[in-house]
Protein chains: 2
Amino acid sequence: MPGKTINPEDWLAALDESGFRVTTVQETLIDIFAHSEYPLSAEQAWDVARQSRPKTGRATVYRMFEKLESLGLIRRVHGYEGCSRFVPTLPELMMLFICLYCGRADYLDSQPLDNLIQQSELASGHHITDSRLQLFGACADCQQND
Amino acid sequence: MPGKTINPEDWLAALDESGFRVTTVQETLIDIFAHSEYPLSAEQAWDVARQSRPKTGRATVYRMFEKLESLGLIRRVHGYEGCSRFVPTLPELMMLFICLYCGRADYLDSQPLDNLIQQSELASGHHITDSRLQLFGACADCQQND
DNA sequence: TCCTTATTGATACGTGGTATCAATAAGGAG
DNA sequence: CTCCTTATTGATACCACGTATCAATAAGGA
């Protein structure tokens, strides 16, 4: 599974542009996201953060997750381990696949989803404004290592 | 939005066949599910259950939800109001649409989703064994009443 | 360097869900 | 129908995740 990732500079810039102060906690947490290929819960991120920054507060991490989500920089994963984990948002690659064996997240081209939505709108008469799709299974790597 | 619903008899039969005892709490809760067009949380179902059966325990309702989910009779809704609500499972109609205005759930034909999964498997090399798709927007009724 | 104020960390709190365990009731055997 | 075994229940305590509060800290502009 290829390691697609995000650029911490962009995230800090986004926070700055939105009028938030740039702090060291932010840098720490953004770095944690940038270097993880797995979906992260606030609790997990808190544990990692305290390794390099022991005084980090729990509430602060939750607040930062909220902020990052509201800015669209991370999105929630609705998975087998609950709904409290997040992954970085990759524009144009919104379809998320989670491997049930290694736990890693992979992003897929979302064009097929757009087609599906159009189709379903026509068939049902509903106006669809948002969608959540997640796929689960065995990633290419984990299939080989059986 | 048409009121598709399920048959309480079938659910009781399914519980019986799985070796569970048939109890009055079960009948109460199954009835509540059969008569609601909205996704239900355990807490909500508990409130309703106590109207006709005041001594009903909270844990019992959570246990029953767990049982019904494990038997595949209800499924979790990953929605804007959290991930703790459930709807009855309708086989062959697995794609769920939730109206953001009236809150009702509608089931859509899941053939397009099957196609999407096939497509994504080919493109990514992953083996997809499970999926979660939910659509949000304005249902046909709520679009008219604007 | 100082000052204002957003952000932080510690703590307490709230809600959704689970473990425990004695009391109850399903339902098969006689 | 009655008895007996045991799954199920209800009450309580408990735990995990997340949020509100508020004094202390630190960004960053003047």
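Throughout, protein chains are lettered first and strands after them, A, B, ... in sequence-line order, and every chain is numbered starting at 1.
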- Step-by-step side chain to side chain contact (heavy atoms under 4.5 Å, CB included) determination, B/Leu40 to B/Phe86: CA-CA 5 Å; B/Leu40 278 176; B/Phe86 290 80; 5.7 Å; no
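- Between B/Tyr62 and B/Val22, the residue anchored closer to the 5' end of DNA chain C is B/Tyr62, taking for each the nucleotide with the nearest heavy atom.
- In the set D/dT9, D/dA27, C/dT8, D/dT9 carries the atom at the smallest distance from any side-chain atom of B/Met64.
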- Task: Whenever both distances are under 3.5 Å in a Watson-Crick or G-U wobble pair, mark it; put DNA chain D into dot-bracket that way, with [ ] for crossing pairs and | when the partner is on another strand.
- Result: ||||||||||||||||||||||||||||||
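- B/Leu15 places its CG atom 12 Å from the C1' atom of D/dT8, with the value rounded to the nearest Å.
- Counting non-hydrogen atoms under 4.0 angstrom, B/Ser41 reaches nothing in the nucleic acid.
- In this entry the distance linking CZ of A/Arg53 with P of C/dT8 reads 8 Å, nearest Å.
- Summarising the geometry, the separation between CG on B/Leu40 and C1' on C/dG17 is reported as 17 Å, rounded to the nearest angstrom.
- Within the 4.0 angstrom heavy-atom criterion, only backbone atoms of the sugar-phosphate kind lie near A/Thr23; the bases stay farther away.
- Checking D/dC17, C/dG27, D/dT9 against the side-chain heavy atoms of A/Arg58 singles out D/dC17 as nearest.
- Each of B/Ala42 and B/Lys55 was matched to the nucleotide of DNA chain C holding its nearest heavy atom; the match closer to the 5' end belongs to B/Ala42.
- One can place CD of A/Glu66 at 8 Å from P of D/dA20, the figure rounded to the nearest angstrom.
- Distance CG/A/Asp130 to CG/B/Leu100: 7.5 Å, rounded to 0.5 Å.
- If you check D/dC17, D/dT9, C/dT7 against the side chain of A/Ser84, the one that comes closest is D/dC17.
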- Just do the side chain to side chain contact (heavy atoms under 4.5 Å, CB included) check on A/Leu135 and B/Glu121 with the steps written out, would you? CA-CA 10 Å; A/Leu135 304 171; B/Glu121 277 190 318; over 6 Å; no
- Given B/Asp16 and B/Arg21, is the salt bridge (charged side-chain N to carboxylate O under 4.0 Å, His left out) satisfied, shown in steps? CA-CA 6 Å; B/Asp16 194 23; B/Arg21 292 186 181 171; over 6 Å; no
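- One can find a donor-acceptor pair under 3.5 Å joining the base of C/dG9 and the side-chain atoms of A/Arg63.
- The interatomic distance linking B/Glu69 (CD) with C/dG17 (P) rounds to 11 Å, in whole Å.
- Residues A/Ser131 and A/Leu113 have side chains in contact (heavy-atom distance under 4.5 Å, counting atoms from C-beta outward).
- Side chains of A/Asp114 and A/Gln118: no donor on one and acceptor on the other come within 3.5 Å.
- With C/dG16, C/dG27, D/dT9 as the choices, the nucleotide that has an atom nearest any side-chain atom of B/Gln26 turns out to be D/dT9.
- The separation between B/Leu68 atom CG and D/dT8 atom P is 12 Å, rounded to whole Å.
- Rounded to whole Å, the distance from CG on B/Asp16 to C1' on C/dA26 is 11 Å.
- Using cut-offs of 30° and 60° for the angle between ring planes, the B/Phe136 and B/Tyr80 rings count as perpendicular.
- Closest approach to the A/Ala59 side chain among C/dA10, D/dT8, C/dG16 is made by C/dA10 (side chain taken as heavy atoms from C-beta onward).
- A/Phe20 has its CZ atom 6 Å from the P atom of C/dT7, to the nearest Å.
- A donor-acceptor pair is defined here as one N or O able to donate and one able to accept, closer than 3.5 Å; no such pair exists between the side chain of A/Ser36 and the backbone of A/Phe33.
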